[in-house]
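Beneath this line is the structure, given in structure tokens, with notes to follow.
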Amino acid sequence: MGILQDALSHPTAQLYFEQSVGTQVAIGIAGFLAVAVFINVVQQLLFKNPSDPPMVFHWFPFIGSTVIYGMDPPKFFKDNRAKYGDVFTFVLLGKKTTVAVGPAGNDFILNGKLKDVNAEEIYSVLTTPVFGRDVVYDCPNAKLMEQKKFMKIALTTEAFKSYVPIISHEVTSYFKRDPAFKGKSGIVDIPKKMAEITIFTASHALQGSLIRSKFDESLADLYHDLDMGFTSINFVLHWAPLPWNRKRDHAQRTVAKIYMDTIKERRALGEDDKELDILKHLMKSVYKNGTPVPDHEIAHMMIALLMAGQHSSSSTSSWIMLRLAQYPQVVEDLYQEQVKALGADLPPLQYEDFAKLPLNQAIVKETLRLNAPIHSIMRKVKQPMPVPGTKYVVPSSHVLLAAPGVSGSDPTYFPNPDKWDPYRWLPGSPNAPLMAQNNDEEEKIDYGYGIVSKGAASPYLPFGAGRHRCIGEHFANLQLQTIIAETVRMFKLSNVDGSNNIVGTDYASLFSRPLEPAKIRWERRD
Ligand code: HEM
């Protein structure tokens, strides 16, 4: 024993011993992996259930196609659609995920029945710690439908009319005070600026001036901490006592308290409170069962509303500015459109003006066609779902994934689909969409939050469809159109190097956005 101990304590022997243990462990892992890969491949090749949608081939179990999907989801959908057709399954972090694309696929998933598909089982782990309890995905779907109805009803034409001067003022005063826009011309990393403009305009219009004023103090940093809860890794680690989750939880409590205190302040104002925002509307809203919406739910809905709008609108406005810098002539066309429609003195913008600015509208439409911030919409399957017109049945163990962006860039509906061409939405364009542009004749449905068009046959659904459809569409349109109109009044835009290039897309977080830095050149008109 003593001799053996002596021998092993010799440095060379120790090294040899450690190396040989290391080698054995490595061989063990490699062997295990090889067996796992072998079984996984054999299963895919030999044990196909004819009613299952085709499976995207992958070597490794659990990882499946996660990496290749995550690098560029639209490319992943396009490539696999070409290989397998409109319905196929891939493995995303161990979960069999069935994609159904095209108008029929969008309809199948987004207009799926409540007994068949479920959103909250997918999203709640991420959203509930950020928004707070009892709202959106932390309550039965019928309650969410009522909550969406309260928010949607508040967005009246009268409210929209009051929002245009608010948004205009926020945009122009931002450009005046921000150091990045000092002087005659300059270069700016645009996504950060657009994120600020989006949160200032949305909070002021939708939540009132009292909340807006708090963004200059504490709310901006707290929202940043809340945002950290939305990283993709939190689908798995939402519960973990990690630094960003602690910050998220602290921020959620603090922001909710700020809203609840503001609600009390505004109640005290009584008739003197003349603003037409959603916060005020919710303070007067009552559920069907007679219960007034509790303050904590109003606070949590306010967080949800701002978070839902922030990422999508801020990513879209950044893409818009990058597209305008890519095509400086479009900026001039937009400016001239305003001069012709509103007069050379360019009076303060009003809600009614936007109907006279079709190119201004088309910029938003076209940017959302190619750069929609939500590339994947997921639902948990609750019971086996036959896919109409196919032999496939999606088992209840699967997750469904809708990707309306696929039909939005399909040449069947959009000639020259990869070209950003806002003029395609104006009459007489050779690239005009090959789809009905008037949705008055479309089938309408009420899921409990007001009548919406079903969108069943539409290849263009950047705001989704069905019971989870966006209620912020009209606000987002107004916000984005006002931002564009004010920006082209003040600036000419171009790429820093004068080229027609554009940055790539960052798919790392839940909402896709431009890869940063994304710098553009601005030049003041006056
Ligand atoms: C360009 C801007 C926007 C885009 C592209 C967009 C897109 C979407 C999409 C695709 C959905 C459906 C998600 C799903 O089916 O799972 C959705 C839902 C929603 N959006 Fe938006 N959105 C935008 C702006 C806004 C704004 C400004 C607000 C708030 C005022 C908002 C509030 C909501 C809400 C409350 C839902 C409902 C979620 C549900 O029912 O599960 N969105 N949005």
Side-chain angles (χ1 to χ4, degrees), residues 106-107 109-112 114 117-124 126-128 131 135-152 154-155 159-160 163 167 194 198-199 201-207 277-279 281-282 300-320 363-380 399-405 408 447-450 452 455 460-484 510-513:
N106 297 337
D107 187 39
I109 299 176
L110 301 178
N111 284 310
L114 203 52
V117 292
N118 175 295
E120 54 271 30
E121 283 182 38
I122 304 271
Y123 296 133
S124 179
L126 218 65
T127 53
T128 301
F131 302 162
V135 301
V136 190
Y137 304 123
D138 189 50
C139 59
N141 186 267
K143 187 169 175 180
L144 168 62
M145 294 302 111
E146 278 201 75
Q147 294 175 343
K148 284 177 76 168
K149 190 173 184 173
F150 297 145
M151 297 193 255
K152 202 173 160 205
L155 296 171
F160 280 143
Y163 295 165
I167 298 171
M194 284 299 138
T198 308
I199 208 150
T201 50
S203 62
H204 196 161
L206 298 174
Q207 307 190 334
D277 51 87
I278 298 190
L279 174 61
H281 182 81
L282 284 171
H300 298 170
M301 270 188 258
M302 287 296 106
I303 300 177
L305 198 71
L306 216 59
M307 299 291 282
Q310 177 60 22
H311 290 280
S312 30
S313 292
S314 135
S315 159
T316 309
S317 60
S318 302
W319 280 120
I320 287 174
I363 301 289
V364 178
K365 271 197 147 172
E366 182 66 349
T367 306
L368 283 173
R369 188 181 70 78
L370 279 184
N371 300 110
I374 300 179
H375 53 74
S376 303
I377 299 178
M378 303 209 195
R379 303 283 185 263
K380 174 83 190 76
V399 164
L400 277 172
L401 189 156
Y447 284 104
Y449 63 94
V452 289
Y460 180 78
L461 295 173
F463 293 97
R467 61 183 61 248
H468 292 284
R469 192 188 198 291
C470 186
I471 47 115
E473 172 178 358
H474 297 304
F475 176 77
N477 261 312
L478 188 74
Q479 180 189 32
L480 292 165
Q481 288 186 43
T482 313
I483 294 173
I484 299 170
L510 292 185
F511 297 82
S512 48
R513 55 180 187 221

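As the structure lists them, so they are numbered: ligands from 1, and atoms in each ligand from 1. Numbers here are sequence positions counted from 1.
- Between Leu144 and Tyr449, the closest side-chain pair of non-hydrogen atoms is not below 4.5 Å.
- Asn118 is not listed as a side-chain neighbour of Ile122, based on a closest heavy-atom distance of 4.5 Å or more.
- Put simply, CG on Leu206 and CE on Met302 are 7.5 Å apart, with the number rounded to the nearest 0.5 Å.
- Neither the backbone nor the side chain of Gln479 has a heavy atom within less than 4.0 Å of ligand 1.
- Around atom 21 (Fe) of ligand 1, protein N, O or S atoms at a distance under 2.8 Å total 1; waters are neither shown nor counted.
- Set against the non-hydrogen atoms of Tyr123, the atoms of ligand 1 under 4.0 Å away are 16 (O).
- Within the structure, ligand 1 has Pro373 among the residues with a heavy atom less than 4.0 angstrom away.
- Considering only heavy atoms from C-beta on, Leu306 comes within 4.5 Å of Ser203 through its side chain.
- Set against the non-hydrogen atoms of Tyr137, the atoms of ligand 1 under 4.0 Å away are 38 (C), 39 (C), 41 (O).
- Atoms of ligand 1 lying under 4.0 Å from any heavy atom of Ile377, numbered from 1 in the order shown and given with element: 10 (C), 14 (C), 15 (O), 16 (O).
- Looking at atom 13 (C) of ligand 1, its nearest protein heavy atom turns out to be His468 O, 3.9 Å.
- The closest approach between any non-hydrogen atom of Ala372 and ligand 1 is not below 4.0 Å.
- Taking the six-membered ring where the residue is Trp, Tyr137 and Tyr123 present tilted rings, their angle falling between 30° and 60°.
- A donor-acceptor distance shorter than 3.5 angstrom exists from the side chain of Ser315 to the backbone of Ser512, with no hydrogens or angles considered.
- Heavy-atom contacts of Leu206 reach the following atoms of ligand 1: 30 (C) (cutoff under 4.0 Å).
- Distance from atom 5 (C) of ligand 1 to its nearest protein heavy atom, with residue and atom name: Pro462 O, 3.6 Å.
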Can you give the donor-acceptor pairs under 3.5 Å from side chains of residues 369-378 to other protein atoms, not counting sequence neighbours?
unit_1	atom_1	unit_2	atom_2	d
Arg369	NE	Glu366	OE1	2.9
Arg369	NH1	Gly408	O	2.9
Arg369	NH1	Pro417	O	3.0
Arg369	NH2	Glu366	OE2	3.0
Arg369	NH2	Pro417	O	2.9
Arg369	NH2	Lys419	O	3.1
Asn371	OD1	Arg323	NE	3.4
Asn371	OD1	Arg323	NH2	3.3
Ser376	OG	Tyr69	OH	2.6

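- Counting heavy atoms closer than 4.0 Å to ligand 1, residue Leu461 contributes nothing at all.
- A donor-acceptor contact shorter than 3.5 Å links the side chain of Gln147 to the backbone of Val136.
- The shortest N/O to N/O separation between Thr316 and ligand 1 does not fall below 3.5 Å.
- Once rounded to the nearest 0.5 Å, the distance linking CE of Met301 with CE of Met151 reads 6.0 Å.
- Nearest heavy-atom pair, Ser312 versus Thr316, reported as atom, atom and distance to 0.1 Å: O-OG1, 2.6 Å.
- Residue, atom and distance of the protein heavy atom nearest to atom 40 (O) of ligand 1 are Lys148 NZ, 2.7 Å.
- Heavy atoms of Arg379 approach ligand 1 to within less than 4.0 angstrom.
- A donor and an acceptor atom, one from each side chain of Asn111 and Tyr447, are located under 3.5 Å apart.
- Here's the thing with Arg469: none of its N/O atoms is less than 3.5 angstrom from an N/O atom of ligand 1.
- Atom NE2 of His300 sits about 12.0 Å away from atom SG of Cys139, to the nearest 0.5 Å.
- Between Leu305 and Ile471, the closest side-chain pair of non-hydrogen atoms falls below 4.5 Å.
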